[in-house]
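Below is one structure; the comments refer to it alone.
Only a predicted model underlies this, so the values are computations on that prediction, with no experimental measurement involved. Chain naming here is simple, since letters A, B, ... match the order of the sequence lines and numbering starts at 1 in each.
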There are 2 protein chains.
Amino acid sequence: MSIPIPTIKRFPSYLRILNQAKEGGRKYISATSLANELGLNPIQVRKDISSTGIEGKPKIGFDIEELTQYITHVLGWDNTSDALIVGAGNLGSAIARYDGFASYGLKIVAVFDKSAEKIGTTIGSFTVKSMESLNRFINENRISIAVITVPASQAQAVCDLLVKCGIRGIWNFAPKDLKVPESVVVQRTDLATSFAVLSVKLGKKLAESDDLDSDEDMI
Amino acid sequence: MSIPIPTIKRFPSYLRILNQAKEGGRKYISATSLANELGLNPIQVRKDISSTGIEGKPKIGFDIEELTQYITHVLGWDNTSDALIVGAGNLGSAIARYDGFASYGLKIVAVFDKSAEKIGTTIGSFTVKSMESLNRFINENRISIAVITVPASQAQAVCDLLVKCGIRGIWNFAPKDLKVPESVVVQRTDLATSFAVLSVKLGKKLAESDDLDSDEDMI
DNA sequence: GTTTAATCGATAAAATTTTACCCTTTTAGA
DNA sequence: TCTAAAAGGGTAAAATTTTATCGATTAAAC
């Protein structure tokens with residue numbers, strides 16, 4: 001009944017292609033063409049879509065509008081959530097300035113930092129607020145999501161504080177695995193993880209082409 | 001023989017904990033304590049480690065130094081690769097300024113952008129270079145890895161150019177699935193993907209606690 | 001020295017995810 | 001109208017990944 005995590009991870013890509021197709025004036029899209037765009041297996045796309053309960057029409061495909069709405073809904077991106085950022089360093093600043101979150105139902109509404117030098121400065125459209133004002137801000141604005149972009153050494157302390165203030169979802173960019181109570185959800189996003197996969201694949205690829213090179217020498 | 005992708009994705013976390021333990025003066029670490037730190041299953045950790053060929057000692061665990069070296073080697077992080085960034089926007093700038101890449105064998109050596117306003121400006125320790133100078137730079141410095149941080153609409157064009165210049169590995173931050181020849185490796189890193197998982201988990205969690213609330217009402 | 005408890009390692013089972021197969025539906029064209 | 005081709009959908013198989021089980025090993029405590 002519940003949707004597999006790998007499927008959920010593919011959903012944002014589907015949305016992206018769907019939007020593209022819609023902008024191109026199309027009304028229907030087949031699993032096959034979705035798959036082609038994304039380099040996926042069409043059967044897998046169909047299976048992913050089937051988990052939303054949406055049905056397609058043979059020879060035509062799926063109704064783009066309907067599919068978009070369902071996926072958006074499954075992801076909970078149809079209701080915008082306010083979120084705040086803790087940590088006004090490079091990454092925090094970049095995220096604060098990034099304007100693409102709106103399309104996935106996330107609205108950054110404030111940026112916090114503990115450094116006296118940063119408090120009061122401007123990042124994009126935000127004025128950096130102090131950690132002392134965090135609790136009140138969360139409660140007055142009923143914030144349930146926080147983005148952590150502080151150094152690893154401070155991440156757990158910040159996390160604990162956020163949890164105490166009532167935050168329920170944490171998007172953690174610090175390279176640190178946070179301990180939270182069962183009622184709180186943490187998702188860690190780690191550049192290193194992604195780069196590890198690139199490294200290994202590239203290493204393998206380079207080794208292959210070296211092999212080819214030596215094969216060629218033997219001709 | 002080849003290491004599963006999920007295992008590779010966990011390797012950077014292992015390295016992080018290993019470093020931490022080493023700094024704490026420890027010489028050995030058990031799969032169990034690694035697992036505890038990361039919220040993983042100890043059996044899984046042992047299995048992951050076994051794919052490196054390293055053997056541990058019962059009752060003691062694994063030699064931290066040895067394990068670190070092997071994992072680093074498997075990831076190819078023992079040889080530093082020079083890389084360049086294309087796209088000096090928010091994200092590109094943040095990445096250029098980020099100093100944590102060194103620990104995973106990645107050294108950003110230049111930043112490129114096509115915008116005349118940005119060329120010549122300074123980002124961290126880099127002076128933004130023009131796209132015209134890209135080809136020459138790649139060849140003179142034998143760069144094989146590029147980071148793409150341009151908008152989605154330009155990503156494929158930039159990618160094609162990079163491939164033509166001889167780039168073999170592309171770390172793509174643009175929300176766009178790039179088509180590359182078979183000899184090139186692309187890894188896409190997407191904030192939306194990560195956030196999707198958080199959204200769904202959080203939605204489920206919030207629904208659960210709503211259920212509990214209503215249950216309590218019934219008492 | 002013996003016992004105990006922690007841990008490893010190998011193999012097997014379970015769970016999850018991806019892929020294959022085959023049949024049905026529907027549109028477009030002969 | 002009939003036929004062909006392009007999907008979709010359901011079920012089952014295959015592949016991958018995670019978890020369990022159990023015996024073997026080893027340092028530390030007694």
Check step by step if salt bridge (charged side-chain N to carboxylate O under 4.0 Å, His left out) holds for E37(B) and R16(B). CA-CA 10 Å; E37(B) 287 291 331; R16(B) 192 155 40 77; over 6 Å; no
Rounded distance in Å - [atom1] ([X]) to [atom2] ([N]):
X      : N       : atom1 : atom2 : answer
D48(B) : dG9(C)  : CG    : P     : 13 Å
Q44(B) : dC8(C)  : CD    : C1'   : 16 Å
D63(B) : dA27(D) : CG    : P     : 14 Å
L67(B) : dG9(C)  : CG    : P     : 11 Å
Y28(B) : dC8(C)  : OH    : P     : 13 Å
I5(B)  : dA15(D) : CD1   : C1'   : 14 Å
K27(B) : dA27(D) : NZ    : C1'   : 16 Å
N36(A) : dA6(D)  : CG    : P     : 13 Å

For L206(A), is there any backbone N or O sitting under 3.5 Å from a side-chain donor or acceptor partner on S209(A)?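 Side chain of S209(A) to backbone of L206(A): a pair is present.
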Please tell me if the side chains of P12(A) and W77(A) come closer than 4.5 Å, counting only heavy atoms from C-beta onward.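 They are in side-chain contact.
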Are the side chains of W171(A) and T189(A) in touch, meaning some heavy atoms are under 4.5 Å apart? yes
Judged by modelled atom types alone, do S13(A) and R188(B) share a side-chain donor-acceptor pair under 3.5 Å? yes
State, without any angle test, whether N19(A) and E23(A) hold a side-chain donor-acceptor pair at a distance under 3.5 Å.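 E23(A) and N19(A) do not have a side-chain donor-acceptor pair below 3.5 Å.
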In short, the helix from dG1(C)-dC30(D) to dA30(C)-dT1(D) is bent end to end, axes from five pairs each side, to 10°, by 10°
For E65(B) and K22(B), run salt bridge (charged side-chain N to carboxylate O under 4.0 Å, His left out): C-alpha distance rounded to whole Å, both residues' side-chain angles, the deciding distance at 0.1 Å, then the answer. CA-CA 8 Å; E65(B) 188 58 38; K22(B) 187 157 44 176; 3.3 Å; yes
Using a cut-off of less than 4.0 Å, is there contact between a side-chain N or O of N41(A) and OP1 or OP2 of dT19(C)?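 True: N41(A) side-chain N/O within range (under 4.0 Å) of dT19(C) OP1/OP2.
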Quick check on dT18(C): is either OP1 or OP2 less than 4.0 Å from any side-chain nitrogen or oxygen of R10(A)?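 Yes.
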Stepwise, does the salt bridge (charged side-chain N to carboxylate O under 4.0 Å, His left out) test hold for R10(B) with D48(B)? CA-CA 8 Å; R10(B) 285 186 289 267; D48(B) 284 346; 2.6 Å; yes
T72(B) and D78(B): CA distance, side-chain angles, deciding distance, side-chain hydrogen bond (donor to acceptor under 3.5 Å, both in side chains) verdict: CA-CA 6 Å; T72(B) 305; D78(B) 44 358; over 6 Å; no
Base contacts versus sugar-phosphate-only contacts with protein, heavy atoms under 4.0 Å: please encode nucleotides 7-13 of chain D as B, S and - from 5' to 3'. BBB--B-
